[in-house]
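The structure under discussion appears below in the form of structure tokens.
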There are 2 protein chains.
Amino acid sequence: MDLEKPIAALNNPVRRDILGWLKDRSNFPPPLPGHEGIEGVCVGYIQDKAQLSQSTISNYMGLLKQVGFVVAERHGQWTFYRRDEAKIQAFLAAFNDELSKR
Amino acid sequence: MDLEKPIAALNNPVRRDILGWLKDRSNFPPPLPGHEGIEGVCVGYIQDKAQLSQSTISNYMGLLKQVGFVVAERHGQWTFYRRDEAKIQAFLAAFNDELSKR
DNA sequence: CCAGCATATCGAGATATCTCGATTTATGGA
DNA sequence: TCCATAAATCGAGATATCTCGATATGCTGG
């Protein structure tokens, strides 16, 4: 696995925060009516919590998606993002491997 | 532990390479006469291997030292750098903890 | 003390990242 | 169809990082 882009994606405190918040849906307001069964959190909620502009958060989520740390799912006009635990673990394994002596 | 600076230090392929090379002394030429017992590798050897300017490598080693990934030891006019395995492991543990779900 | 070598520090130009507001695209409702 | 809302994309200024050459510092041998 190439670590370059994943590490760059994590080299930002807000992006790391977002990944942290996404561990637990209850870090965000309850789903809107009609969204109850959907996994993940919409961009607007993430933006409200991060307190950065809409375009910045959209950009951040795009970066996190590019490196596989999150998965996006569109429902109507909303995009729901959630963590991809397997990809995150795979990265952590590769990262540990590259850094650890043996 | 604050992850900001350590992650930034690792957000560079040459700095990661250097940390990798330092896992094994045999990645570098044998010690000069008089340096046989000394742990670590001098800046010049690292520079030769990395193929970047002396000032860049000195800067890189300073960054890696600041975040604790390497230890510097001066012997005469040479500075010998070696990995601090405990610090690296401590960082990896904190990093895993921040990223993993539980 | 001086010359020479290893390393560190300084200053700067090139490049990349951050973050924004404005605009565009996509969707759903009246 | 028109409008409103959510999200993505675009373009740009501010800031940070990369990397260099030049210079400074520190050490050693003569």
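Only this structure's heavy atoms are used, side chains among them; waters, hydrogens and symmetry mates stay out. Chain naming here is simple, since letters A, B, ... match the order of the sequence lines and numbering starts at 1 in each.
- At least one side-chain nitrogen or oxygen of B:Ser53 sits closer than 4.0 Å to the OP1 or OP2 atom of D:dC20.
- Applying the 4.0 Å criterion to OP1 and OP2 of D:dT17, one finds that B:Asn11 has every side-chain N and O outside that range.
- One can place CD of A:Glu73 at 16 Å from C1' of D:dA7, the figure rounded to the nearest angstrom.
- OP1 or OP2 of D:dA7 has not a single side-chain nitrogen or oxygen of A:Ser55 nearer than 4.0 Å.
- In this structure, the NE2 atom of B:His75 is 11 Å from the P atom of D:dT28, given to the nearest Å.
- Side-chain nitrogen and oxygen atoms of A:Tyr45 include none within less than 4.0 Å of the OP1 or OP2 phosphate oxygen of D:dA7.
- Contact check, B:Asn12 against D:dT17: no side-chain N or O comes under 4.0 Å of OP1 or OP2.
- Atom CD in B:Glu4 sits about 9 Å away from atom P in D:dT17, given to the nearest Å.
- Formation of a donor-acceptor pair under 3.5 Å by the B:Glu36 side chain with backbone atoms of B:Gly34 is found in this model.
- Checking side-chain atoms of A:Ser100 against main-chain N and O of A:Asn96 turns up a donor-acceptor pair under 3.5 Å.
- A distance-only check finds no donor-acceptor pair linking the side chain of A:Arg25 to the backbone of A:Asn27 [under 3.5 Å].
- In this structure, the nucleotide among D:dC20, C:dT27, D:dT9 sitting nearest to the side chain of A:Gln77 is C:dT27.
- The shortest distance between the side-chain N/O atoms of A:Tyr81 and the OP1/OP2 oxygens of D:dA8 is below 4.0 Å.
- In this structure, of D:dC18, D:dA7, C:dT7, it is D:dA7 that holds the atom nearest to the side chain of A:Ser58.
- Residues B:Cys42 and A:Gln54 both approach DNA chain C. Their nearest nucleotides, taken by heavy-atom distance, put B:Cys42 toward the 5′ side.
- Here the straight-line distance linking atom CZ of A:Phe69 with atom CG of A:Leu10 works out to 4.5 Å at 0.5 Å rounding.
- Side-chain atoms of B:Arg74 come within 3.5 Å of backbone atoms of B:Gly76 as a donor-acceptor pair (strictly under, hydrogens ignored).
- Between the B:Arg83 side chain and the B:Leu22 main chain, no donor and acceptor come within less than 3.5 Å of each other.
- Rounded to whole Å, atom P of C:dC18 lies 11 Å from atom CG of A:Leu52.
- B:Ile57 comes within contact range of no nucleotide atom at all, as no heavy-atom separation falls under 4.0 Å.
- The side chain of A:Arg74 contributes no N or O atom lying less than 4.0 Å from OP1 or OP2 of D:dA8.
- At whole-Å resolution of the value, CZ in B:Phe80 and P in C:dT7 are 7 Å apart.
- Regarding contacts with the backbone of C:dT7, every side-chain N or O of B:Thr79 stays at 4.0 angstrom or more from both OP1 and OP2.
- A:Leu64 places its CG atom 16 Å from the C1' atom of D:dA7, with the value rounded to the nearest Å.
- Following rounding to the nearest Å, B:His35 (NE2) and D:dT28 (C1') show an atom-to-atom distance of 11 Å.
- When the P atom of C:dA16 is taken as reference, atom NZ of A:Lys5 falls 13 Å away, rounded to whole Å.
- Listed nucleotides C:dA8, C:dC20, C:dA6 differ in distance to B:Trp78; the shortest reach to its side chain belongs to C:dA6.
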